[in-house]
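Throughout, protein chains are lettered first and strands after them, A, B, ... in sequence-line order, and every chain is numbered starting at 1.
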There are 2 protein chains.
Amino acid sequence: MSSKILDYIAKFVKLDEEEAHLFCNCFKEVKVKKRQLIVQPNFIAKHRNYILKGAFRAYVIGDEGQDHTINIAIDDWWITDYNSYIYQQPATLFVVALEDSTVLQIDYEKELSLKKQNHKFETFFRIIAERGLAFQQRRLLSNLTQSAEERYEHFVSNYPQIVQRVPQYALASYLGMTTEFLSRIRNKRISKKS
Amino acid sequence: MSSKILDYIAKFVKLDEEEAHLFCNCFKEVKVKKRQLIVQPNFIAKHRNYILKGAFRAYVIGDEGQDHTINIAIDDWWITDYNSYIYQQPATLFVVALEDSTVLQIDYEKELSLKKQNHKFETFFRIIAERGLAFQQRRLLSNLTQSAEERYEHFVSNYPQIVQRVPQYALASYLGMTTEFLSRIRNKRISKKS
DNA sequence: ACTAGATCAACAAAATTTCTTAAACTACTT
DNA sequence: AAGTAGTTTAAGAAATTTTGTTGATCTAGT
């Protein structure tokens, strides 16, 4: 079945046959339709989701209805509301499918038991947590220090696949600018290039 | 505030000032955007929803992706996944807004306490449950005994407001036929009439 | 063989979402 | 005071999705 996630974990820890099997069996494959929410405010995020195929956006709606994109994720990335998942508290984020997608879901209890029973799993989850943390930090930094245009250029060169795949409003909101402004930045580039 | 639901309950039990107040305070007014889900499989349906204004559809997606509409509801009707709500078990249904809507939500615990503390509330919830049951039975019967065309005619004469308000695919699926077939039935009628 | 109805495919119409552009505005910088 | 970086509002164009229609072909039951 999902050899993809085994390839993934194999990059971090070496599992034997049995462990691989155990690991796989903790995940459930779920199809998610475009626009469907997999996490919703006030509900506890029960799963951590590995995206087999698809694209998701995690966002908050502020008190005045402002939409802030916390995260965008596509194939081979993880997504959930970590504050909700890790502490098993009601979520504050929405996580929505931007296209028809397939995810592998592991639930909180299963993850806990994996980590408890085998050091390797503990290691694996630590590594992805650390990487997630580092990623968030880079992002925060880039938001604080770079201009809107730099942030966009930076994003394009780092994640060209994502740029082509997600709607512009999602990207603009992720990069912390209005869609109008992003639209202009893009046009400027195009006229420069030609 | 929501005198509408007081008018509603007044049809069934007579409440004094204080009871009315108590009852009202158990409900929260919530706006729901078109296409938003208020119940989703795998999540527990925490609320019973009284539709102040709007339209909803409750449906299941079968194993092969077949979409069965369990219920359609508009202004002044109730909707939720009752199997999930009553037993507080994970839902199997989707309940989606067919248009921008406003509902009054009561949650399970509050409803429980209303019913426990005052006989009248117990009576009220019994009555709406009985009526719901009777309605479901009529529907089941009509599905078993009538032809697609009869079911449609029947529905049109009983709920003309709904017919005009919900998309045809929803109605077709509710009436247990394909949208193509419903489309044909409708055309037949029109040509008959003129 | 007839009927009630489904399925498939192609298409048209309607509605919605997404993107673009322009104009006027705000807050900083210089 | 003028320029830069960016927002807001509004309007419209373009793209995509959703919804509904029609015809052709199929199936199960009578």
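- Counting only heavy atoms from C-beta on, B:R35 has its side chain closest to C:dT17 among D:dT17, C:dT17, D:dT21.
- The shortest distance between side-chain heavy atoms of B:Y59 and B:V95 does not fall below 4.5 Å.
- Computed from coordinates, the B:E180 CD to D:dT19 P distance equals 14 Å when rounded to whole Å.
- With rounding to whole Å, B:F181 atom CZ is found 15 Å from D:dG23 atom C1'.
- Counting only heavy atoms from C-beta on, B:R151 has its side chain closest to C:dG5 among C:dT16, C:dG5, C:dT18.
- Nearest to the side chain of B:S147, among C:dG5, D:dT22, C:dC19, sits C:dG5.
- For the pair B:L171 CG and D:dG20 C1', the computed distance is 13 Å after rounding to whole Å.
- Listed candidates were D:dT17, D:dT7, C:dT17. Nearest to the side chain of A:M177 is D:dT7.
- Ring to ring, B:Y87 and B:Y82 are not that close: their centroids are 6.0 angstrom or more apart.
- Atom CG in B:L182 sits roughly 14 Å away from atom C1' in C:dA6 (whole-Å rounding).
- Side-chain N/O atoms of A:R184 and base N/O atoms of D:dA5 include no donor-acceptor pair closer than 3.5 Å.
- Between B:K34 and C:dA15 there is no side-chain polar atom (N or O) within less than 4.0 angstrom of OP1 or OP2.
- Listed pair A:Q168 / C:dT17 fails the phosphate criterion, with no side-chain N or O lying under 4.0 Å from OP1 or OP2.
- Across the protein-nucleic acid pair, B:E150 atom CD and C:dA4 atom C1' stand 12 Å apart, rounded to whole Å.
- Classified by interplanar angle (parallel below 30°, tilted 30° to 60°, perpendicular above 60°), the ring pair B:W77/B:Y159 is perpendicular.
- Separating the OH atom of B:Y152 from the P atom of C:dA4 is a distance of 18 Å, rounded to the nearest angstrom.
- One finds a side-chain N or O of A:T178 lying less than 4.0 angstrom from the OP1 or OP2 phosphate oxygen of D:dT7.
- When rounded to the nearest whole Å, the span between CD1 of B:I185 and P of D:dT21 equals 12 Å.
- Residues B:L112 and B:L22 are members of one and the same hydrophobic cluster, defined by side-chain heavy-atom contacts under 4.5 angstrom among Ile, Leu, Val, Met, Phe, Trp and Tyr.
- For the pair B:I61/A:K33, no side-chain contact is recorded, criterion being any heavy-atom separation below 4.5 Å from C-beta on.
- Between the CD atom of A:Q66 and the P atom of D:dG6 there is a distance of 19 Å, rounded to whole Å.
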